[in-house]
Amino acid sequence: MGQIMSQGVWDDFLAHRLRKGRFTWHSFEEADEFVEEESYLPAARRACGEGGLGIPVRTVINKMGSGKKRVVYQFPPGEKAVLKLISYLLYRYDDRFASNCYSFRRGMRACDAIFKINKSLGGKSLWAYKVDIHDYFNSISIPILMPILKDVLGDDPELYSFFGRLLEDDRALSGGAVIRENRGVMAGTPTAPFLADVYLMEVDHFFEREGVLYARYSDDIILFASDYEELLKYKSLLLDFFSRFRLEVNPEKEHVYRPGEPYEFLGFRSDGKKIGVSTVTIKKMKGKISRKARSLDRWASKKGIPRIQAMKAMINCFNAKFFEGDDPETLSWSRWFFPVINSAEGLGEIDHYLQDNIRFLSTGKHNKANYRASYEDLKSLGYRSLVHEYHKFRQK
């Protein structure tokens with residue numbers, strides 16, 4: 001735990017993040033100055049002391065692409081930086097996790113789960129059960145987690161004590177007032193992903209020992225079985241684990257796939273060979289497109305903005321989301337999907353829906369007159385087709 005006071009450790013951390021492309025040039029300069037001037041020391045001392053860190057701010061945000069709300073927690077910048085460093089140092093415990101846990105692992109990507117599943121299927125048609133845990137990070141039971149964490153962090157009692165102070169404090173700032181609630185491992189904080197992996201490591205290891213084709217990415221789990229009776233047995237075992245760990249299934253995301261039916265996991269859809277974007281991914285993206293188009297239509301109508309400006313704003317928004325992304329901490333949409341998929345079918349559906357909504361902004365109505373804005377007109381405003389960009393990517 002004392003490592004977080006060392007400037008050399010902070011320098012190594014910055015170098016790692018720079019290699020991973022986690023900085024813009026401006027943000028790297030700020031981070032470098034933060035370390036050079038030892039501005040991390042006040043928060044690091046608090047983390048090492050009996051008082052621990054301060055009280056996080058509770059924020060309710062829109063869940064990406066769904067319109068639903070989720071609760072996240074944020075610490076002030078200095079304390080957040082310390083938590084990021086601690087998260088980086090926690091990678092030394094990576095060998096404690098089962099090979100079927102793919103979330104937030106060094107040298108592992110979410111898409112590795114898809115590749116491993118397809119390789120294991122080897123052309124076989126199996127039953128599959130996919131399940132999502134409701135509000136996983138924030139519903140983790142701290143009394144259950146702490147003994148598990150003690151075993152994992154057995155070589156660093158000071159680090160374990162730090163987590164005790166961090167997680168057993170149930171306070172949060174909401175609307176300027178201090179409230180008390182079950183915060184779990186606090187979604188949105190840098191150490192939450194590691195703790196979420198730790199919490200269900202017993203489940204992962206169980207299915208690994210049993211030789212079950214199983215994959216977990218944080219709160220998303222899929223497992224396979226040779227027949228329906230076997231699938232029901234594995235499902236029952238998994239749900240028993242959830243009950244013991246005081247977790248609830250999200251019934252909207254629970255699904256049984258029959259042999260030969262393409263499975264969907266982590267935003268991908270695959271039949272064991274062909275990999276595309278999932279129907280859920282397409283639906284979420286359409287929702288995001290529709291909401292953005294309605295918002296820009298209201299903006300253009302209320303402010304008297306030229307319609308072509310609203311169309312260009314729509315195009316710029318989704319070009320950034322799909323291809324660039326301003327946040328180096330977050331994978332752009334194309335960087336997540338393009339290296340994995342081998343089919344452009346779902347991309348075409350998203351393309352057509354986005355084009356229709358850009359054209360809608362030309363009139364504020366959904367009608368045939370919108371097609372006066374040709375595809376070439378959209379391209380002249382900067383529109384980039386997902387299908388076209390995907391094929392360019394594959395040709396590299």
Between the side chains of [X] and [Y], is a donor N or O closer than 3.5 angstrom to an acceptor N or O?
X: Tyr263; Y: Asn118; value: yes
X: Asp112; Y: Tyr217; value: no
X: Asp151; Y: Tyr160; value: no
X: Tyr129; Y: Glu254; value: yes
X: Ser139; Y: Glu248; value: no
X: Asp356; Y: Tyr371; value: yes
X: Ser374; Y: Asp377; value: yes
X: Glu208; Y: Ser99; value: yes
X: Arg294; Y: Ser290; value: yes
X: Gln355; Y: Tyr375; value: no

Nearest heavy-atom pair of [X] and [Y]: which atoms, and what distance?
X: Phe265; Y: Ala215; value: CZ-O, 3.7 Å
X: Cys48; Y: Ile4; value: SG-CD1, 3.7 Å
X: Pro143; Y: Pro147; value: O-CD, 3.1 Å
X: Tyr91; Y: Arg105; value: CE2-C, 4.1 Å
X: Asn357; Y: Met314; value: CB-CE, 4.1 Å
X: Tyr234; Y: Phe207; value: O-CZ, 3.9 Å

ILVMFWY cluster, [X] and [Y] together (side-chain gap under 4.5 Å):
X: Leu18; Y: Tyr88; value: yes
X: Ile179; Y: Phe137; value: no
X: Tyr257; Y: Phe268; value: yes
X: Leu200; Y: Met146; value: yes
X: Ile275; Y: Met108; value: yes

| query | Is there side-chain contact between Tyr93 and Asp155, with heavy atoms separated by less than 4.5 Å? | reply | yes

| Are any of the side-chain heavy atoms of Phe393 and Pro339 separated by less than 4.5 Å? | yes

So that I can tick it off, tell me whether [Y] and [X] are bridged by a salt bridge, with the cut-off set at under 4.0 angstrom between side-chain N and carboxylate O.
X: Arg307; Y: Asp297; result: yes
X: Asp271; Y: Lys273; result: no
X: Arg258; Y: Glu261; result: no
X: Glu79; Y: Lys84; result: no

Check this for me: [X], atom [atom1], are more than 12 non-hydrogen atoms of other residues, nucleotides or ligands nearer than 6.0 Å?
X: Asn182; atom1: CG; answer: no
X: Phe115; atom1: CZ; answer: yes
X: Arg92; atom1: CZ; answer: yes
X: His352; atom1: NE2; answer: no
X: His134; atom1: NE2; answer: no
X: Lys130; atom1: NZ; answer: yes
X: Arg106; atom1: CZ; answer: yes
X: Leu232; atom1: CG; answer: yes

Nearest 0.5 Å, what's the [atom1]-[atom2] distance between [X] and [Y]?
X: Lys321; Y: Met285; atom1: NZ; atom2: CE; answer: 4.5 Å
X: Asn100; Y: Leu213; atom1: CG; atom2: CG; answer: 9.5 Å
X: Lys288; Y: Cys317; atom1: NZ; atom2: SG; answer: 7.0 Å
X: Ile315; Y: Leu381; atom1: CD1; atom2: CG; answer: 4.5 Å
X: Arg180; Y: Ile55; atom1: CZ; atom2: CD1; answer: 8.0 Å
X: Phe337; Y: Leu386; atom1: CZ; atom2: CG; answer: 10.5 Å

| said: Under the criterion side-chain hydrogen bond (donor to acceptor under 3.5 Å, both in side chains), I'd like the reasoning laid out for Asn138 against Tyr73: C-alpha separation, chi angles, the key distance, then a yes or no. | reply: CA-CA 10 Å; Asn138 296 336; Tyr73 298 88; 5.0 Å; no

| request: Using the ring-ring contact (aromatic ring centres under 6.0 Å, His included) rule, take Phe245 and Tyr199 through it: C-alpha gap first, then chi angles, then the decisive distance, then the call. | output: CA-CA 8 Å; Phe245 285 95; Tyr199 195 61; 5.2 Å; yes

| said: Can you tell me how the ring of Trp10 sits relative to the ring of Phe13, calling it parallel under 30°, perpendicular over 60° and tilted otherwise? | reply: perpendicular

| request: Classify the ring geometry between Trp127 and Tyr228 as parallel (under 30°), tilted (30 to 60°) or perpendicular (over 60°). | output: tilted

| request: May I ask you to decide if Pro157's main-chain N or O and Ser161's side chain share a donor-acceptor pair within less than 3.5 Å? | output: yes

| Distance under 6.0 Å and angle within 45° of ring axis: Lys286 vs Tyr353 | yes

